[in-house]
Asker: 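Have a look at the structure that comes next, please.
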Amino acid sequence: MVQSALTHLEGSTSGRRYDADRLATVDPVDGRPLLARYDVAAAARTLSREALARRRGRLWRWTELLPLRDPRHVVTLGEGGTPLLPAPRLGAALGVPRLALKAEGLNPTGSFKARGMAVAVSRAAELGARALVAPSAGNAGGALAAYGAAAGLPVTVFMPVDVPAANRDEALLCGARVVLVDGLISDCGALSRRVADATGAFDVSTLKEPYRVEGKKTMGFELAEDLGWRLPDVVVYPTGGGTGLVGMWKAWEELATLGWLGPQRPRLISVQAEGCAPLVRAFEAGAEEAEPWTDAHTRASGLRVPSAIGDRLILAALRASGGLAVAVSEDAIDDAQRLAGRHGAGYVSPETAAALAAVADLAARGDIGADEEVVVFDTGIGHKYPAPAGLPTPPVVAADEPDTDRLVALAGA
């Protein structure tokens, strides 16, 4: 019988061991994230490449290296299994012809947040949670609301008052209680913790519980599988809370322990916005932790995270990989979003556009070679955000427009 090989939780800094079969948030020793640990040798008894290829269920095919004890508690909307799409036209425009995009916008709620919330909500329900609460700059709140509804658990989401309307409405439509906060995601997080403490609702904030990262790590599993059990030269990742970077680094360690990967790792490039770049500042200073960013601002709402609890883990992974942390301007985000659409990548989110803008900058200065294989994580669809500035206003014609020459001129034919 295929079962989870989960053994315990481990303090990411303290190294202390904790019971995995009770609801847990952060390490009580230092307030740092807890990480799920597995008996990989036990997992290998049923998990092989051949067995994996035969399985259905997308994200949930990785049963042995996911935390659910009982499959009856799995809450799924069809998340995971997103394609890795070659983007040669866009790559040529950016200076990296071997570019591919991992299309996370094809997840059920339109972003990679579905992966983390699928696993976190499933595990919380399995361990007896009766209600869920979290802060969100947008996509995470919608995903939590959707998966909470699927699990039959009440959900409360605290969102900044200027959250994109589509994210707010998604959470409301899925039955969540939405509270808008005149502040940033960090302020929303503080209010979420107060509600959790007062009501007993389980707080599923980024890296404030151990299992959202387990859902996100499946991006790392899939990337290796997509490339025939190898990894690209460079992975570029738009970074707010950074759960995906932490998760993928963890995933590759687990695959290496299985013997499915060698020691080579991609250079990880963490991308933030110039208006909120605490990890970039810490990386450039050689610091192990990131100081909170004041006056955080960017229209890429997923990047507007002034303080990431996983900062030590993110910075350590960047340095171990030989990677970088870079920031891009708002104008560069707008330009890259338009460029992506016109070169066949579709309507990407501002966060994805930030990553693409960084690729162009890094290629121009030689930090990414023209012959290198580069994967950008396309973390979500652009439809949930206000459009970038500068889009033209389409002309309007009558249904019986008589002037064919005018029609041809308007059509640009």
Side-chain angles (χ1 to χ4, degrees), residues 1-27 32-76 79-81 115-129 207 209-231 243-265 313 317 320:
M1 180 179 178
V2 176
Q3 295 181 333
S4 172
L6 178 69
T7 56
H8 64 283
L9 299 175
E10 180 180 279
S12 58
T13 301
S14 73
R16 293 199 179 190
R17 183 175 177 134
Y18 299 97
D19 183 0
D21 290 314
R22 56 184 296 180
L23 285 170
T25 53
V26 294
D27 190 337
R32 289 288 174 176
L34 295 172
L35 298 175
R37 297 303 186 194
Y38 299 83
D39 182 345
V40 178
R45 289 197 284 269
T46 52
L47 182 61
S48 66
R49 297 179 190 179
E50 294 75 22
L52 186 72
R54 293 193 298 268
R55 295 178 184 177
R56 301 178 66 183
R58 299 186 180 186
L59 179 153
W60 296 99
R61 296 180 302 141
W62 297 90
T63 303
E64 294 88 342
L65 296 177
L66 290 174
L68 269 288
R69 302 291 194 193
D70 186 338
R72 291 176 297 179
H73 291 289
V74 168
V75 178
T76 182
E79 57 286 336
R115 292 181 186 263
M117 288 304 182
V119 177
V121 171
S122 296
R123 184 63 170 152
E126 182 173 52
L127 294 177
L207 288 170
E209 59 79 51
Y211 299 117
R212 280 176 68 176
V213 72
E214 295 303 289
K216 290 282 191 70
K217 81 178 180 186
T218 60
M219 295 189 296
F221 289 158
E222 288 182 19
L223 181 57
E225 185 180 18
D226 290 338
L227 294 174
W229 306 111
R230 62 176 182 83
L231 296 171
T243 313
L245 275 181
V246 173
M248 287 192 290
W249 195 250
K250 184 175 186 288
W252 298 331
E253 290 177 354
E254 291 171 358
L255 290 180
T257 303
L258 275 174
W260 295 12
L261 285 179
Q264 182 266 339
R265 297 288 178 271
L313 294 167

Asker: Nearest 0.5 Å, please: how far is CD in Glu10 from CG in Leu34?
Answerer: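 Nearest 0.5 Å value for the CG-CD distance: 9.5 Å.
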
Asker: Which heavy atom in Asp21 sits nearest to a heavy atom in Asp19, and how many Å separate them?
Answerer: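 Between these two residues, the closest heavy atoms are N-OD1, 2.8 Å.
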
Asker: Is there a side-chain contact between Pro33 and Val213, using heavy atoms and a 4.5 Å cut-off?
Answerer: no

Asker: Are the charged groups of Glu50 and Arg54 less than 4.0 angstrom apart, N to O?
Answerer: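 Here Glu50 does not pair with Arg54 in a salt bridge, since their nearest N and O are not under 4.0 Å apart.
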
Asker: Check whether any side-chain heavy atom of Leu47 lies under 4.5 Å from a side-chain heavy atom of Leu258, and answer yes or no.
Answerer: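 When only atoms from C-beta onward are counted, Leu258 and Leu47 do touch, with a gap below 4.5 Å.
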
Asker: Between Leu231 and Leu261, is the side-chain contact (heavy atoms from CB on, under 4.5 Å) condition met? List the steps.
Answerer: CA-CA 8 Å; Leu231 296 171; Leu261 285 179; 3.8 Å; yes

Asker: Restricting to non-hydrogen atoms, name the atom on Leu255 and the atom on Gly220 that form the minimum distance, rounded to 0.1 Å.
Answerer: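 Minimum heavy-atom separation between Leu255 and Gly220: CD1-O, 4.4 Å.
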
Asker: Is the backbone N or O of Val2 less than 3.5 Å from a side-chain atom of Thr46, with the two atoms forming a donor-acceptor pair by type?
Answerer: no

Asker: Among Glu214, Glu64, His8, which one satisfies side chain to side chain donor-acceptor pair (under 3.5 Å) with Tyr38?
Answerer: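 Exactly one candidate clears the test, Glu214.
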
Asker: Determine whether Val119 and Pro67 make a side-chain contact, defined as any pair of heavy atoms from C-beta on separated by less than 4.5 Å.
Answerer: yes

Asker: Examine the side chains of Thr243 and Arg212 and answer whether a donor and an acceptor come within less than 3.5 Å of each other.
Answerer: no

Asker: In terms of ring plane angle, is the pair Trp62 and Trp260 parallel, tilted or perpendicular, where the classes change at 30° and 60°?
Answerer: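 If you compare the ring of Trp62 with that of Trp260, the planes turn out tilted.
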
Asker: Name the one of Arg115, Met248, Glu79, Arg58 that satisfies side-chain contact (heavy atoms from CB on, under 4.5 Å) with Thr218?
Answerer: Arg115

Asker: Using modelled atom types and a 3.5 Å cut-off, is there a donor and acceptor pairing between side-chain atoms of Ser4 and backbone atoms of Leu66?
Answerer: yes

Asker: Would you compute the distance between atom CG of Leu6 and atom CZ of Arg69 and round it to the nearest 0.5 angstrom?
Answerer: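 Those atoms lie 4.5 Å apart.
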
Asker: Hey, is Lys217 close enough to Glu254 for a salt bridge, meaning N to O under 4.0 Å?
Answerer: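 The answer is yes: the pair qualifies as a salt bridge.
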
Asker: Is there a side-chain contact between Trp60 and Leu68 (heavy atoms, below 4.5 Å)?
Answerer: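 Heavy-atom side-chain distance check passes, below 4.5 Å.
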
Asker: Would the distance check show the side chain of Glu222 and the main-chain N or O of Gly80 forming a donor-acceptor pair, the cut-off being under 3.5 Å?
Answerer: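 No: the side chain of Glu222 does not pair with the backbone of Gly80.
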
Asker: Report the distance from atom CZ of Arg37 to atom OH of Tyr18, rounding to the nearest 0.5 Å.
Answerer: 13.5 Å

Asker: Tell me, yes or no, whether the heavy-atom count around Arg56 atom CZ, taken from other residues, nucleotides or ligands under 6.0 Å, exceeds 12.
Answerer: no

Asker: Could you check whether any side-chain N or O of Arg61 sits under 3.5 Å from a backbone N or O of Arg55, counting only pairs where one atom can act as donor and the other as acceptor?
Answerer: no

Asker: Quick check on Arg16: does its CZ atom have over 12 non-hydrogen neighbours (other residues, nucleotides or ligands) under 6.0 Å away?
Answerer: no

Asker: Report the distance from atom CG of Leu23 to atom OH of Tyr211, rounding to the nearest 0.5 Å.
Answerer: 9.0 Å

Asker: Is the shortest side-chain N to carboxylate O distance from Lys250 to Glu253 below 4.0 Å?
Answerer: no

Asker: At what distance, to the nearest 0.5 angstrom, does CG of Asp39 lie from CZ of Arg45?
Answerer: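 If we round to the nearest 0.5 Å, Asp39:CG and Arg45:CZ are 6.5 Å apart.
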
Asker: If you measure from CG on Leu207 to CG on Leu35, what distance do you get to the nearest 0.5 Å?
Answerer: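 Output value for this atom pair is 8.0 Å.
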
Asker: Return the minimal non-hydrogen interatomic distance between Ala256 and Arg265, and the atom names on each side.
Answerer: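 Closest approach of Ala256 to Arg265, heavy atoms only: CB-NH2, 3.3 Å.
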
Asker: Check Leu9 against Ala24 and note the closest heavy-atom contact, atom names and distance.
Answerer: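 Looking at all heavy atoms of both residues, the closest pair is CD1-CB, 3.8 Å.
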
